[in-house]
Amino acid sequence: MIRVLLADDEELIRVAVAALLGLEPDLDVVAQAADGRAAVEAARAHRPDVAVVDLRMPALDGIEVAAELQRTVPSCAVVILTGQGRPAQLPRALAAGAKGFLPKGSPGGALADVIRRVHAGGRYVDPGLAADALSLPECPLSPRELDVLRHSEPDIPVTVVARRLHLSPGAIRNHLTAIMSKLGVASREQAALKAREHGWL
């Protein structure tokens, strides 16, 4: 039997997927979670073979769950489900250790097949999402600029960001000016939104 953990903040979807997988003779849903943090805790407690996690969840998103499980429960393969086509998230998901990435709208038997594939050591990426991901623009920001943007929520003062990153406030302002110029936007909020839409954050 392949032991499976399901994590999705929408209970109806989680219960429906559990019921669907329960029809498979070789799959056993051993735990469910309603957010990313609970998913990590359940994986540590139940040691599933495969975790099927939603991309968008409270506490930790699916990519953060994949990274945490790769670190703490490396024997657990992660499959990320996405409710909308989000090809920009694919490179980040794979870099975080996800072994599968597919839309929730996939045919019923597809998820079971992907679970079997990743449990056997393989990978699966939805072909449509993979093709879309290949056409995404390259990130114009440096690693340092991405780090600054990641820590620069709109309501956080520059001085706080500077302390967090061990830089001067002037350096943070310079980085933010360069970021907004490169991305062609007028604010930190717009910069973060554009970077997330392209999967750079």
Side-chain angles (χ1 to χ4, degrees), residues 1-10 13-136 139 196 198-201:
M1 292 291 284
I2 301 172
R3 295 164 51 80
V4 180
L5 160 69
L6 290 179
D8 195 307
D9 59 322
E10 295 182 54
I13 291 174
R14 193 174 66 245
V15 170
V17 172
L20 187 68
L21 295 180
L23 299 174
E24 301 291 333
D26 58 338
L27 304 181
D28 181 21
V29 177
V30 296
Q32 297 184 37
D35 65 58
R37 179 63 58 203
V40 171
E41 291 169 4
R44 288 180 183 147
H46 295 275
R47 299 285 164 172
D49 301 306
V50 179
V52 177
V53 302
D54 189 19
L55 177 63
R56 297 270 179 216
M57 289 187 293
L60 297 174
D61 68 19
I63 293 173
E64 291 166 327
V65 170
E68 185 65 17
L69 292 186
Q70 186 175 48
R71 192 176 65 79
T72 60
V73 191
S75 61
C76 178
V78 176
V79 174
I80 294 181
L81 294 180
T82 174
Q84 304 148 350
R86 292 194 176 269
Q89 302 300 329
L90 178 56
R92 285 185 59 229
L94 297 176
K99 302 297 183 194
F101 196 89
L102 72 162
K104 286 182 179 177
S106 299
L111 178 58
D113 290 340
V114 171
I115 289 171
R116 293 183 187 104
R117 183 183 293 196
V118 301
H119 179 252
R123 287 183 175 223
Y124 178 84
V125 174
D126 176 75
L129 290 175
D132 290 344
L134 289 173
S135 64
L136 290 171
C139 180
R196 285 194 183 93
H198 287 88
W200 302 328
L201 276 184

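Considering all non-hydrogen atoms of both residues, Met57 and Gly36 come closest at CE-CA, 3.9 Å. Here the closest non-hydrogen pair linking Ala39 and Leu5 is O-CD2, 3.4 Å. Residues Asp126 and Leu102 share a closest heavy-atom pair of CB-CA, 4.2 Å. Nearest heavy-atom pair across Asp35 and Ala59 is OD1-CB, 3.9 Å. Residues Cys76 and Val50 come closest through the heavy atom pair SG-C, 3.9 Å. Minimum interatomic distance between Ala33 and Ala38 (heavy atoms only, all atoms of both residues): CB-C, 3.7 Å.
Using a 4.5 Å heavy-atom cutoff, the side chains of Leu94 and Arg123 are in contact. Looking at Val65 and Val40, their side chains come closer than 4.5 Å, going by heavy atoms from C-beta outward. Residues Asp8 and Val17 form no side-chain contact, since every pair of their non-hydrogen atoms from C-beta on lies 4.5 Å or further apart. At a threshold of 4.5 Å between non-hydrogen side-chain atoms, the residues Lys104 and Ile13 count as touching. Contact check for Val125 versus Pro127: no side-chain heavy atoms found under the 4.5 Å cut-off. Using a 4.5 Å heavy-atom threshold, the side chains of Val4 and Val30 count as separate. A 4.5 Å side-chain heavy-atom check between Leu111 and Ser106 finds every atom pair outside the cut-off.
Comment: Glu41 does not engage Arg44 in a salt bridge, judged by the lack of any side-chain N to carboxylate O separation of less than 4.0 angstrom. Salt bridge absent: Asp54 and Arg14 never bring a charged side-chain N and a carboxylate O closer than 4.0 Å.
Here the side chain of Arg3 pairs a donor or acceptor atom with the backbone of His46 at under 3.5 angstrom.
Residue pairs meeting the salt bridge (charged side-chain N to carboxylate O under 4.0 Å, His left out) criterion with at least one partner in residues 88-99, sequence neighbours excluded, are absent.
In this structure, CG in Leu81 is found 14.0 Å from CZ in Arg56, a value given to the nearest 0.5 Å. Atom CG of residue Leu20 and atom CG of residue Leu6 lie 10.0 Å apart, to the nearest 0.5 angstrom. Atom CD1 of Ile2 is separated from atom CG of Leu21 by 10.5 Å, given to the nearest 0.5 angstrom.
In the displayed structure, Arg37 atom CZ is contacted under 6.0 Å by at most 12 heavy atoms of other residues, nucleotides or ligands.
Partners of Asp9 according to the side chain to side chain donor-acceptor pair (under 3.5 Å) rule, which considers only residues two or more places apart in sequence or in another chain, do not exist here.
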